[in-house]
Number of protein chains: 2
Amino acid sequence: MPSRQPKRRDAVQTRAALLAAAAEAFARHGFKETRVREICAKAKANLGAVSHYFGTKEALYREVLVMAHRQLVDGERVPEISPGDDPRTALRNWVHFALRLFLLRGAAHPYAGRLFARELRDPTAALDELVAEVMLPVRRSLERVIAALLGDFDEPGLRGQCANFVLALCVMHEQGQEVLRRIGYPAPRTETGLIPLADAITEFALGGMGRIRDLGDRPLRS
Amino acid sequence: MPSRQPKRRDAVQTRAALLAAAAEAFARHGFKETRVREICAKAKANLGAVSHYFGTKEALYREVLVMAHRQLVDGERVPEISPGDDPRTALRNWVHFALRLFLLRGAAHPYAGRLFARELRDPTAALDELVAEVMLPVRRSLERVIAALLGDFDEPGLRGQCANFVLALCVMHEQGQEVLRRIGYPAPRTETGLIPLADAITEFALGGMGRIRDLGDRPLRS
DNA sequence: CAGTAAGTCATACAATTGTATGATATAAGG
DNA sequence: CCTTATATCATACAATTGTATGACTTACTG
């Protein structure tokens, strides 16, 4: 027999429901604009539940980010490039990974990408930790791909700038969704709809880095 | 003699002070996070002033956007390409214009770019009008440059997608400022600091569009 | 100089929202 | 069965914030 019968509704269950409801709400509206009352209602919990289980709204938010991070790291493998791989394919994989993270609700991490994107555009106190724990590692994997693409012209400053550019191309389709939709470029919401966009971004970025490489030692910053 | 002596402090002066203070505050914190009390304090006006002069906070916000729009259109010329111009130079001009708008405080329009960028990342009810009045015209001028660059391969869908990409490269340096600063890429804040970034973006974009053009009829979307 | 229109001010008010608390119900242990 | 721990609940409270108002002051007008 189980060592302990659950009560009418167990604490762990309520906690989990609160975390899930909070993740969705925070991803949708951001930290400030999310109401504790909304979270509790969605979780079918009492208003005092957040106080009881997490202390404050901010502590709950931090737990949500931790949960999202965990779901992401053991739910999906950040694409890595191995010696001998075609760097162009590796770039395509990375772009596809980033777009899927930002635009789709992965089964293992339904709101991780949206949460991180929101933190990126509207930072809270949790940003610093998030940068170190999540964003930098993912970025490093992109930088390794770029280093391979730049070849002999690889150099930390240039590599980082190219990484910024590639990231910009990916993240804009999350950040600018509302505007893009209004001018006729709705963000894809399905796995197959993602592919042409990922391909286009990849080719654009390949061309961009190719040109920067071709410009070679002719210094970019005059 | 003037038809009317100003009172202790004239109404138009108070109105203007409110508008200026509101523009700065809205650009810094966004609509929701800006407090009417903060605006009035900065403008050295009474708390009731917003009610009195504009009715509601939202009406004040709309007036701020209108003012920013006006300041922008008759304070700065959106770069246009003329037949015979080098499209690469035209692209560089456009990128430089966009970066200056987003990152610098123009004398004629101190907060226009920041306000529009904020509306872009965090839309309010005013977004639709703003898209039609400001964003679309500026975007059209970029599209004309891109059309020239794509040459025979120009086609509305492709042109629009390339415009999105170029815009992404420019706008990310406003949207992602906090994160970029933390990872060692602080946004330039001076006219001269802007130039290398504008050049890099331009070359990257030229390479990207060049490759897309070279891929030619080989369809991008498989 | 009296009267009037208007700008400014202190203040109030209702709504929203995060947080806290005391009571009640439920289940486990002896 | 009785005690104890705890999950849940209704409710309260203080702080914040947008909006509104009535009184006071100032300056123009006849």
Side-chain angles (χ1 to χ4, degrees), chain A residues 1-65 118 122 124-126, chain B residues 1-65 118 122 124-126:
Chain A
M1 65 177 175
S3 68
R4 181 175 155 281
Q5 283 279 74
K7 305 207 171 174
R8 193 154 55 128
R9 194 180 178 199
D10 202 52
V12 294
Q13 201 179 334
T14 303
R15 240 187 92 98
L18 283 171
L19 277 171
E24 183 188 341
F26 284 138
R28 196 185 301 277
H29 308 119
F31 175 73
K32 259 292 174 69
E33 283 310 296
T34 294
R35 309 297 160 209
V36 174
R37 282 166 171 79
E38 180 197 341
I39 295 173
C40 293
K42 182 90 70 179
K44 296 191 197 309
N46 186 268
L47 174 58
V50 167
S51 244
H52 184 55
Y53 285 99
F54 302 94
T56 69
K57 177 186 173 186
E58 202 192 323
L60 168 59
Y61 181 66
R62 279 196 299 267
E63 287 244 29
V64 165
L65 286 186
R118 192 160 277 279
D122 205 45
T124 73
Chain B
M1 66 178 177
S3 69
R4 180 174 157 283
Q5 284 279 74
K7 308 209 168 169
R8 191 157 54 132
R9 195 179 176 198
D10 202 52
V12 295
Q13 201 180 334
T14 303
R15 240 187 91 100
L18 284 171
L19 277 171
E24 183 188 341
F26 285 138
R28 196 186 302 277
H29 310 119
F31 175 74
K32 261 286 171 82
E33 284 310 296
T34 294
R35 308 298 160 211
V36 173
R37 281 165 172 79
E38 179 198 342
I39 295 173
C40 294
K42 182 91 70 178
K44 297 191 197 308
N46 186 266
L47 174 59
V50 167
S51 244
H52 185 55
Y53 284 98
F54 302 94
T56 70
K57 177 185 174 186
E58 201 192 323
L60 168 59
Y61 181 66
R62 278 195 300 267
E63 288 242 30
V64 165
L65 287 186
R118 192 160 278 279
D122 205 46
T124 73

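Residue numbers start from 1 in every chain, and the chains themselves are labelled A, B, ... in the order their sequence lines are given, proteins ahead of strands.
- Residue Arg62(A) holds its CZ atom at 9.0 Å from OG1 of Thr124(A), rounded to the nearest 0.5 Å.
- Candidate nucleotides dA7(D), dG18(D), dT19(C) were compared by shortest atom distance to the side chain of Thr14(A), and dA7(D) ranks first.
- For the OP1/OP2 pair of dA20(D) and a distance below 4.0 Å, the side-chain nitrogens and oxygens of His52(B) include no atom meeting the criterion.
- The distance between atom CG of Asp10(B) and atom C1' of dT8(C), rounded to the nearest whole Å, is 13 Å.
- Taken to the nearest 0.5 Å, the CZ atom of Phe54(B) stands 5.5 Å off from the CG atom of Leu18(B).
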When you compare the protein's N or O atoms with those of nucleotides 10-15 of chain D, which come within less than 3.5 Å of each other, and at what distance?
{"residue": "dA10(D)", "atom": "N7", "partner": "Asn46(A)", "partner atom": "ND2", "Å": "3.2"}

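- In this structure, the CZ atom of Arg15(B) is 11 Å from the P atom of dG7(C), given to the nearest Å.
- In this structure, NZ of Lys44(B) is placed 21 Å from P of dG7(C), rounded to the nearest angstrom.
- Using a 4.0 Å cut-off between charged nitrogen and carboxylate oxygen, Arg118(A) and Glu33(A) do not count as a salt-bridge pair.
- Distance CD (Gln13(A)) to P (dT26(C)): 16 Å, rounded to an integer number of Å.
- Across all non-hydrogen atoms, the minimal contact from Val64(A) to Ala23(A) is CG1-CA, 3.7 Å.
- Under 4.0 angstrom from either OP1 or OP2 of dA20(C) there lies at least one side-chain N or O belonging to Ser51(A).
- For Tyr53(B), no side-chain nitrogen or oxygen approaches OP1 or OP2 of dG7(C) to under 4.0 Å.
- Using a 4.5 Å heavy-atom threshold, the side chains of Ile39(B) and Leu60(B) count as touching.
- dT16(D) atom C1' lies 16 Å from atom CD1 of Ile39(B), rounded to whole Å.
- DNA chain C is contacted by Thr34(A), Arg35(A) of residues 26-35 of chain A, taking any non-hydrogen atom closer than 4.0 Å.
- Atom CZ in Phe54(B) sits roughly 15 Å away from atom C1' in dT8(C) (whole-Å rounding).
- By the ring pair (Phe, Tyr, Trp, His ring centres under 6.0 Å) test, Tyr61(B) is found to be paired with Phe26(B), Phe31(B), residues two or more places apart in sequence or in another chain being considered.
- Judged by distance alone, the side chain of Lys57(B) and the main-chain N or O of Thr34(B) form a donor-acceptor pair under 3.5 Å.
- Taking both residues in full, the closest heavy atoms of Arg35(A) and Lys32(A) are given as NH1-O, 3.2 Å, listed atom of the first, atom of the second, then distance.
- Taking the charged nitrogens against the carboxylate oxygens, Glu38(A) and Lys42(A) have no contact shorter than 4.0 Å, which rules out a salt bridge.
- Among the nucleotides dT19(D), dA7(D), dG18(C), the one closest to any side-chain atom of Val36(B) is dT19(D).
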